[in-house]
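See structure below.
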Amino acid sequence: IQADALEEIRQSNDLKELQDIKVKYLGKKGSLTGVLKGMGKLSKEERPVVGEIANKVREAITQEFDQKSDALEQVALNEQLEKEALDVTLPGRPVQVGGPHLLTKIVEEIEDLFIGMGFEVREGPEVETDYYNFEALNLPKGHPARDMQDTFYITNELLLRTHTSPVQARTMRQYDGDQSVKMICPGKVYRRDTDDATHSHQFTQIEGLYVDKNVRMSDLKGILDKFAKSMFGHDRKIRLRPSFFPFTEPSVEMDISCKVCNGEGCSVCKKTGWIEILGAGMVHPRVLEMAGYDSEQYTGFAFGMGPERIAMLKYGIDDIRNFYTNDKRFLSQYHHAK
Ligand code: PHE
């Protein structure tokens with residue numbers, strides 16, 4: 001029995017088959033079990049001898065079985081490991097990580113700067129009334145300066161705001177005419193322009209307004225100078241040129257110097273060395289009055305700038321449409337820009 005069993009176990013190559021062999025010899029109806037069962041019929045003298053032999057045979061078979069079973073399990077495990085192995089040397093699939101839009105970053109940078117100077121951040125509606133977009137800003141119906149901003153009208157009285165200046169009037173109204181106002185307002189604005197490299201029917205503006213007793217033009221200049229230097233570098237200068245807006249008097253346009261120097265020397269971005277950045281001025285007394293402020297007691301300044309334009313100058317972007325066409329090759333360049 002032992003010789004047969006050991007031989008069968010050695011030949012076996014399969015765990016299931018191995019189990020069957022064990023049952024065949026050691027199971028309830030197995031041949032060795034049969035021998036043990038038949039022991040009762042043996043004589044007193046034979047019993048211990050046969051018993052001892054039978055036990056040895058069982059031990060031998062069990063040992064051989066355990067060894068073979070371990071070996072087969074190991075083989076099975078190795079096969080499984082090989083099948084499920086990962087090739088860690090294969091190149092990975094890169095995970096595409098998004099980032100804030102360049103325009104979002106610029107707006108947030110400008111917000112942070114003005115928050116640091118005590119301005120609060122406000123918002124206003126993009127669908128605006130004719131009153132706030134124009135009339136409250138000293139642009140009555142039929143005023144020729146309305147043509148400066150080609151307008152998308154929705155009805156006679158409703159339109160898509162052409163600038164963020166209506167938020168000046170809305171904010172002052174909320175302050176009841178006896179408090180200082182210091183706010184900026186970023187937001188989308190709309191104009192009936194044909195889109196090209198420098199025009200877009202929808203773009204972004206950031207409005208600024210500071211109204212208090214004794215606000216002067218020099219306050220405006222100081223804040224704009226700080227803004228220009230922190231956005232473009234401390235070597236930049238600003239200059240204010242006279243201009244016209246119906247809601248400011250006097251009105252100015254601000255240029256920054258655009259001399260760019262590197263290791264090879266200095267170049268100038270425009271022949272004049274100056275480039276226009278934003279419009280500003282002292283809030284027109286009539287605008288203060290319409291919003292409920294006493295223009296004898298209160299004065300203020302306002303400015304409006306286009307973050308796209310600022311980003312274009314800062315990063316040398318030559319087409320405003322890049323901001324809106326969502327080409328990842330363009331946008332991803334600026335995820336880590338400062
Ligand atoms: N609203 C003006 C524009 O869109 C900019 C501006 C704002 C000018 C505030 C003066 C004061 O052109």
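Counting starts at 1 for both ligands and their atoms, in listed order.
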Distance from atom 5 (C) of ligand 1 to nearest protein heavy atom, with residue and atom: G304 CA, 4.1 Å

Once the angle between the rings of F247 and H163 is folded into 0 to 90°, is it parallel (under 30°), tilted (30 to 60°) or perpendicular (over 60°)? perpendicular

Residue, atom and distance of the protein heavy atom nearest atom 2 (C) of ligand 1 read F247 CZ, 3.8 Å

Say whether H163, considering both its backbone and side-chain N or O atoms, lies within less than 3.5 Å of an N or O atom on ligand 1. yes

Report the distance from atom OG1 of T129 to atom CG of L159, rounding to the nearest 0.5 Å. 7.0 Å

With a 4.0 Å cut-off on heavy atoms, does R191 reach ligand 1? yes

With the threshold set at 4.0 Å, does a side-chain nitrogen-carboxylate oxygen contact exist between K213 and D294? no

Please check whether S165 reaches ligand 1 - meaning an N/O of the residue sits under 3.5 Å from an N/O of the ligand, judged on distance alone. yes

Closest approach of A280 to F303 (non-hydrogen atoms, all atoms of both residues): CB-CB, 3.6 Å

Considering only heavy atoms of G279, which atoms of ligand 1 have at least one such atom less than 4.0 Å away? 6 (C), 8 (C), 10 (C)

I'd like to know if R239 pairs up with D255 as an ion pair, taking the criterion as any Lys NZ or Arg NE/NH1/NH2 lying under 4.0 Å from an Asp or Glu carboxylate oxygen. yes

Under a 4.0 Å heavy-atom limit, does A280 contact ligand 1 with its side chain, its backbone, both, or neither? backbone

Against heavy atoms of Q205, which atoms of ligand 1 measure under 4.0 Å? 3 (C), 4 (O)

With sequence neighbours left out, what residues match R216 under side chain to side chain donor-acceptor pair (under 3.5 Å)? none

Give the numbers and elements of all ligand 1 atoms closer than 4.0 Å to a heavy atom of F303. 7 (C), 9 (C), 11 (C)

If the plane angle is over 60° it's perpendicular, under 30° parallel, otherwise tilted; pick one for F114 and F119. perpendicular

For the 3.5 Å polar cut-off, considering only N or O atoms, please tell me whether Q168 and ligand 1 meet it. no

Inspect the surroundings of NZ in K226 and state if more than 12 heavy atoms from other residues, nucleotides or ligands are less than 6.0 Å away. no

Contact between ligand 1 and M305 is defined here as a heavy atom of the residue under 4.0 Å from a ligand atom; is it met? no

